[in-house]
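Worksheet for the structure shown next.
One-based numbering along the sequence shown. Remember, it's a predicted structure, so these values are computed and weren't measured experimentally. Both counts, for ligands and for their atoms, begin at 1 and track the order of listing.
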Amino acid sequence: MDKPDILIPRPLMRSILKVLDRDYTTHKLWEMADPEAYLDSVAQMIKGIASSPSAKVDANLVDRLPNLQIVANFGVGYDGIDARHCADRGIMVTNTPDVLTEEVADTALGLLIMAVRELSASERYLRAGKWQSDGPYPLTHGTLRGRKLGIFGLGRIGKAIARRAEAFGLEIHYHGRRKQDGVAYPYHRNLKELAAACDTLMVVAPGGADTRHAVDADVLKALGPNGVVINIGRGSVIDEQALITALKNGVILAAGLDVFEEEPRAPAELIALDNAVLLPHVGSASIHTREAMGSLMLDNLATWFKEGHAVTPVAETSG
Ligand code: NAP
Ligand code: 8YV
């Protein structure tokens with residue numbers, strides 16, 4: 001049997017590319033001098049896309065590929081893929097849920113503690129020699145003690161974060177599109193209500209048009225001057241300019257961000273702020289977890305081309 005042709009828009013881990021090169025005819029778009037012309041020349045052949053959150057698989061790209069059968073995403077968040085359009089065209093879309101949940105939840109708790117207890121700033125203080133020259137680092141205004149954590153997006157990762165936060169003694173609240181059966185944490189119908197009931201907001205909802213800038217100036221104000229915002233979900237969910245203003249003006253206390261509106265760019269204004277802890281989208285970025293995500297993506301492609309079904313289809317294409 002001929003090896004199916006797979007388009008790879010953006011670089012993937014070497015170990016995954018090795019298997020893709022072995023089992024498929026691969027087309028690595030980022031290596032092409034003229035990606036548009038190359039795409040035109042191979043469009044008829046492409047049966048699958050091995051995608052990742054930094055690649056955009058929009059309706060325009062999908063419609064250029066008449067024989068496309070599957071888009072397999074390296075990541076659980078698939079806001080970069082027009083999954084509704086794929087579903088309309090009968091194209092399968094898969095993602096990598098569960099295998100990264102615990103890793104991302106660990107990172108979220110790390111960010112929370114770093115932001116509340118100023119761990120990055122205090123480490124910078126030591127490295128600058130100030131402990132010796134100026135004495136102990138000032139006591140932090142922030143503490144985890146008595147904090148109420150509002151989780152925006154109580155899904156797989158949100159629940160893993162909640163389990164950890166409970167162990168730290170935090171009171172948990174949540175908001176999503178609906179109240180969940182069997183969940184005892186207080187539910188809030190909208191984000192402003194959630195923020196007003198809490199002082200710490202954990203954003204772990206998906207990106208995309210429905211959640212764009214859901215965390216705005218009003219939500220930040222409702223969180224209050226002791227407020228801490230952590231974003232481990234998607235940069236687009238927070239209005240970044242409103243967040244910068246709130247951090248600068250003491251509307252909230254601090255923020256911890258793993259994701260940004262225009263990755264890999266983190267705004268200079270955020271970088272200049274000592275009350276913002278900034279990570280370069282490393283939530284799932286251990287070799288262990290990225291290998292597991294890669295295996296699941298490869299399983300989805302293999303099962304599709306061998307058996308005609310996928311292991312982890314996204315909601316839009318699972319019916
Ligand atoms: P999940 O299990 O599908 O959970 C998503 C949660 O968000 C659900 O509880 C859902 O609840 C809620 N939600 C979905 N759409 C919403 C909307 N329009 N408005 C309000 N709430 C909404 O997904 P997951 O596995 O936990 O992953 C969550 C997200 O984390 C991913 O989509 C991805 O963007 C991000 N992520 C980031 C990293 C990183 O490295 N930083 C790594 C992995 C994932 P309802 O259905 O009740 O609304
Ligand atoms: C990505 C993520 O997989 O799963 C997601 O939604 O955001 C990360 O785990 C990572 O950016 C790989 O490119």
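In terms of N/O distances under 3.5 Å, ligand 2 is approached by G77. In terms of polar-atom proximity, defined here as any N/O pair under 3.5 Å, G155 does make such a contact with ligand 1. Geometrically, ligand 1 and I232 share a nitrogen or oxygen pair separated by less than 3.5 Å. At least one N or O atom of D258, backbone or side chain, sits closer than 3.5 Å to an N or O atom of ligand 1. Checking only distances, T96 never comes within under 3.5 Å of ligand 2, N or O to N or O. At a 3.5 angstrom cut-off on N or O pairs, T101 does not count as close to ligand 1.
Partner of M92 under the side-chain contact (heavy atoms from CB on, under 4.5 Å) criterion, out of V314, L301, V71, I70: I70 alone.
No hydrogens or angles considered: nothing links the side chains of H188 and Y174 as a donor-acceptor pair under 3.5 Å. In this model, a donor atom of one side chain and an acceptor atom of the other lie less than 3.5 Å apart for R147 and T200.
Looking from atom 39 (C) of ligand 1 to the surrounding protein, the closest heavy atom is H281 NE2, 3.4 Å. At the top of the distance list for atom 11 (O) of ligand 2, counting protein heavy atoms only, stands H281 NE2, 3.6 Å. The protein heavy atom nearest to atom 1 (C) of ligand 2 is P53 CG, 3.7 Å. For atom 10 (C) of ligand 2, the closest non-hydrogen atom on the protein side is R290 NH2, 3.4 Å. Looking from atom 12 (C) of ligand 1 to the surrounding protein, the closest heavy atom is G153 CA, 3.8 Å. The closest protein non-hydrogen atom to atom 3 (O) of ligand 2 is M293 CE, 2.9 Å. Looking only at protein heavy atoms, the nearest one to atom 3 (O) of ligand 1 is R156 NH2, 3.5 Å. When only non-hydrogen protein atoms are considered, atom 28 (C) of ligand 1 lies nearest to V204 O, 3.3 Å. When only non-hydrogen protein atoms are considered, atom 4 (O) of ligand 2 lies nearest to V76 N, 2.8 Å. For atom 5 (C) of ligand 1, the closest non-hydrogen atom on the protein side is P206 CD, 4.0 Å. In terms of protein heavy-atom proximity, atom 44 (C) of ligand 1 is nearest to V76 CG1, 3.2 Å. For atom 27 (O) of ligand 1, the closest non-hydrogen atom of the protein is I157 CD1, 3.5 Å. Of all protein heavy atoms, the one closest to atom 19 (N) of ligand 1 is R177 CG, 3.5 Å.
For G283, the heavy-atom gap to ligand 2 stays at 4.0 angstrom or more.
Taking every non-hydrogen atom of S284 and a distance limit under 4.0 Å, the qualifying atoms of ligand 1 come out as 40 (O). Below 4.0 Å from some heavy atom of T211 lie the following atoms of ligand 1, by number and element: 17 (C), 18 (N), 19 (N). Interface of V104 with ligand 1, defined as ligand atoms under 4.0 Å from a residue heavy atom, comprises 42 (C), 43 (C). Of all atoms in ligand 1, numbered sequentially from 1 with element shown, those under 4.0 Å from a heavy atom of L154 are 9 (O). Taking a cut-off of under 4.0 Å to the non-hydrogen atoms of S284, the atoms of ligand 2 that pass are 8 (C), 9 (O). Set against the non-hydrogen atoms of D210, the atoms of ligand 1 under 4.0 Å away are 18 (N). For ligand 1 and G176, the ligand atoms under 4.0 Å from any heavy atom of the residue are 21 (N), 48 (O). Within ligand 2, counting atoms from 1 as listed, the ones closer than 4.0 Å to a heavy atom of R234 are 2 (C), 5 (C), 6 (O), 7 (O). Taking every non-hydrogen atom of G75 and a distance limit under 4.0 Å, the qualifying atoms of ligand 2 come out as 3 (O), 4 (O), 5 (C).
Under 4.0 Å from ligand 1, the heavy atoms of F152 that appear belong solely to its side chain. Contacts between L100 and ligand 2 below 4.0 angstrom, taking non-hydrogen atoms only, involve the side chain exclusively. At a heavy-atom distance under 4.0 Å, atoms from both the backbone and the side chain of F74 approach ligand 2. Here V259 has side-chain heavy atoms under 4.0 Å from ligand 1, and that is the only part of it that gets that close.
Using a 4.0 Å cut-off between a side-chain N of Lys or Arg and a carboxylate O of Asp or Glu, R164 and E102 qualify as a salt bridge. Using a 4.0 Å cut-off between a side-chain N of Lys or Arg and a carboxylate O of Asp or Glu, K148 and D199 do not qualify as a salt bridge. Salt bridge annotation for R212-D239: absent, with no cationic side-chain nitrogen under 4.0 angstrom from a carboxylate oxygen. Under 4.0 Å is where a charged nitrogen must lie from a carboxylate oxygen, and between K306 and D299 no such pair does. Salt bridge absent: R234 and E261 never bring a charged side-chain N and a carboxylate O closer than 4.0 Å. By the 4.0 Å N-to-carboxylate-O rule, R89 lies close enough to D63 to be salt-bridged with it.
Using a 4.0 Å threshold on non-hydrogen atoms, atom 25 (O) of ligand 1 counts as touching the protein.
Looking only at side-chain heavy atoms (C-beta outward), E171 and Y185 stay at 4.5 Å or farther from each other. Two residues are said to be in side-chain contact when any heavy atoms from C-beta on lie closer than 4.5 Å; L39 and R64 meet this criterion. Residues M45 and T25 fail the side-chain proximity criterion, which asks for heavy atoms closer than 4.5 Å. At least one side-chain heavy atom of T312 sits less than 4.5 Å from a side-chain heavy atom of N300. Using a 4.5 Å heavy-atom cutoff, the side chains of I151 and H173 are not in contact. At least one side-chain heavy atom of F260 sits under 4.5 Å from a side-chain heavy atom of L278.
For R127, the CZ atom counts as loosely surrounded, since its 6.0 Å shell holds 12 or fewer non-hydrogen atoms of other residues, nucleotides or ligands.
The aromatic rings of Y137 and Y125 sit perpendicular to each other, their planes meeting at more than 60°, with 30° as the lower class boundary.
Judged by distance alone, the side chain of T245 and the main-chain N or O of Q241 form a donor-acceptor pair under 3.5 Å. In terms of modelled atom types and a separation under 3.5 Å, the side chain of D5 and the main chain of T26 share no donor-acceptor contact.
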